[in-house]
Amino acid sequence: MSFEPKNPMLKWVETRLPITGMLHHALYEYPTPKNLSYWWTFGSLAGFMLVVQLITGIVLSMHYTAHVDLAFDSVEHIMRDVNYGWLLRYMHSNGASMFFIVVYLHIFRGLYYGSYKAPRELLWWLGLVIFLLMMATAFMGYVLPWGQMSFWGATVITNLFGAIPVVGDTIVTWLWGGFSVDNPTLNRFFSLHYLLPFVIVGVVILHIWALHTSGSNNPTGIEIKDKQDSIPFHPYYTVKDLFGLALFLIVFSAFLFYAPNWMGHPDNYIPANPLVTPAHIVPEWYFLPFYAILRAVPDKLGGVMLMFGAIAVLFALPWLDKSRIRSARFRPIYKQLFWIFLIDCVVLTYIGGQPAEEPFILVGRIATGYYFLHILVLLPLVGMFEKPKPLPASISADVLPKKSSDKEASNA
Amino acid sequence: MTTTTPIEEDGVKRRDFLYIAAGGVGAVGTAFAIWPFVAQMNPSADVLALSSTEVELDAIEEGSEITAVWQGKPVFIRHRTKAEIAAAEEVDISTLPDPEADADRVENPEWLIMVGVCTHLGCVPLKESGDFNGWFCPCHGSHYDTSGRIRKGPAPANLVVPPYEFLSATTVKIG
């Protein structure tokens, strides 16, 4: 079913630039598995949050000043003097956290239902690229208010590159534009913080393109076999996503209006002081698992390599997971390992927020070890030895009520 | 069939030379064009110009310390006590992660001058604390001794001693 506009004006445009047809295909007729659960809503919520961050960010930059002497005060000016400035800033700062929440749920959804497996490897990779770009953007955005956590977060993270042998110091000086984090650093971070979201938009378009080429995965993990298995995206999933959005906005608003600083740090309301490090510095919550991995190794280069390695191994996931069954519903052992892995990630998040002392160091090391054990050892082994449950004949067969013959059999 | 480019005996066409030459010149030219965009991120002339700081020492009593600023970084200037000097000198340097004698880290043992930036990830260590009564970095738990040498924790190296000289008995120039 291809798109043929009736309106002559639209027809004229469509023959010259088939953009309406493309959108119609992507948002209207796109054949979607009919059994998608609410776990499939987080992709569109992530898209929504990207738009929220872009719009609030663009208007905030109209009032912000990227200079070490003025940045902190300009943020307070936004909070106190700019019309609705408090609302826009809290939307943006809490929005970053919300963006990461929905993206983490989106990623774990993919892990549970095997959405990274063939033919969706590139789709998974593009998602990881978006995740990396989001981390870079969020990190640089957190530096802009130029509070104590901004300054020392920037110092610690840029110093990670100093662990690179031979050229490390040269790279760090190049990143800073000086001999410490200072005005040149703030200026370039502002420039890049404005740029990267648009790069994310570009990669999101590729991500959706790859998605619509292979089609959405679904809770059974089996492909659409005939027309019976799919429904058009509109109105079924537009409505489902909108309902999900409404519920999500309630959670977002609860933070925004009742606990806008709950996910932040009080120290960031102290202006940056290059001579005094706060006694307990921690990154924003969404970086804590990786921060815990960094600190688990009592060696600078080793810690940095392991931290970047934690994300790098995710790129290899489609080939490490040897099982050809996608959905954990039919993988009794993997299903349990998934939940252990999820708990392990939660433990890492908790440890990342604690001071570098016992017993947190030991727990952090065990949890870090398990993270890599799960991905590098358990996933390939389970795929080889696990006996999967029988798969349903089709998506339809899985979701429709059992045939009457089955019923009679059970009644008998 | 006629061809516009004659084929040489060894199978290499004259046009191949043109492709490689044009591609090579293009690649070099592109690299030259990219360089300013990379180099602009390095420290600018005014940042490089802030290369030295002079500090008066007469107000710093024995057992106390000040923090000066050099190139935007904190510099610890400590007037060490006899006990601190003795503790620093009696360590067996072969047991250190980054072996360095105390005598190699000072011009005058009374004055310990070093960049107050943890060699792990750049936090400012706290004075008179840690397991060796020197400095302790609260960020990731590195312990330095009374000579600023790393003794325990993730930092790979001793606190850096900047270039400095005593202009007089009470004035030091850092940088």
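The figures here come from the full heavy-atom set of this structure, side chains too, leaving out hydrogens, waters and symmetry mates. Everything numeric in this text was worked out from a predicted model, so none of it was measured. Chain naming here is simple, since letters A, B, ... match the order of the sequence lines and numbering starts at 1 in each.
For P355(A), no part sits under 4.5 Å from any heavy atom of chain B, backbone or side chain. Within the 4.5 angstrom heavy-atom criterion, only side-chain atoms of Y291(A), from C-beta onward, approach chain B. Interface remark: T119(B) contributes backbone atoms only to the contact with chain A (heavy atom separation under 4.5 Å). Within the 4.5 angstrom heavy-atom criterion, only side-chain atoms of W152(A), from C-beta onward, approach chain B. If you measure heavy-atom distances from V69(B) to chain A, the contacts under 4.5 Å come from the side chain alone. Residue contact with chain B, scored on non-hydrogen atoms closer than 4.5 Å, involves the side chain of I281(A) exclusively. Using a 4.5 Å cut-off between heavy atoms, L294(A) touches chain B through its side chain atoms alone.
For M305(A), the CE atom sits in a loose shell: 12 or fewer heavy atoms of surrounding residues, nucleotides or ligands are nearer than 6.0 Å. Residue-environment remark: CG (D169(A)) stays at or below the threshold of 12 foreign heavy atoms within 6.0 Å. Remark: E61(B) CD is loosely packed, at most 12 non-hydrogen atoms of other residues, nucleotides or ligands lying under 6.0 Å away. By the neighbour-count criterion of 12 heavy atoms within 6.0 Å, atom CZ of F17(B) is sparsely surrounded, having that number or fewer from other residues, nucleotides or ligands. No more than 12 heavy atoms of other residues, nucleotides or ligands sit less than 6.0 Å from atom CZ of F161(A).
Between C139(B) and T277(A), the closest heavy-atom pair is SG-CG2, 3.6 Å. The shortest non-hydrogen separation linking P138(B) to P278(A) is CG-O, 4.2 Å.
Residues L121(B) and L160(A) form a side-chain contact, since some pair of their non-hydrogen atoms from C-beta on lies under 4.5 Å apart. Looking at heavy atoms from C-beta onward, P43(B) lies in side-chain contact with T173(A) at the 4.5 angstrom threshold.
Under the ring-ring contact (aromatic ring centres under 6.0 Å, His included) criterion, F100(A) pairs with Y286(A), not counting sequence neighbours.
Of the residues considered (V304(A), V276(A), L275(A), L175(A)), L275(A) shows the highest number of contacts with chain B, using heavy-atom pairs under 4.5 Å. If you tally non-hydrogen atom pairs under 4.5 Å between each of C123(B), G72(B), P156(B) and chain A, the highest count goes to C123(B).
Under a 3.5 Å cut-off, the side chain of R295(A) and the backbone N or O of H140(B) do not form any donor-acceptor pair.
One distance of note links CG of L48(B) with CZ of F179(A); it measures 5.0 Å at 0.5 Å rounding.
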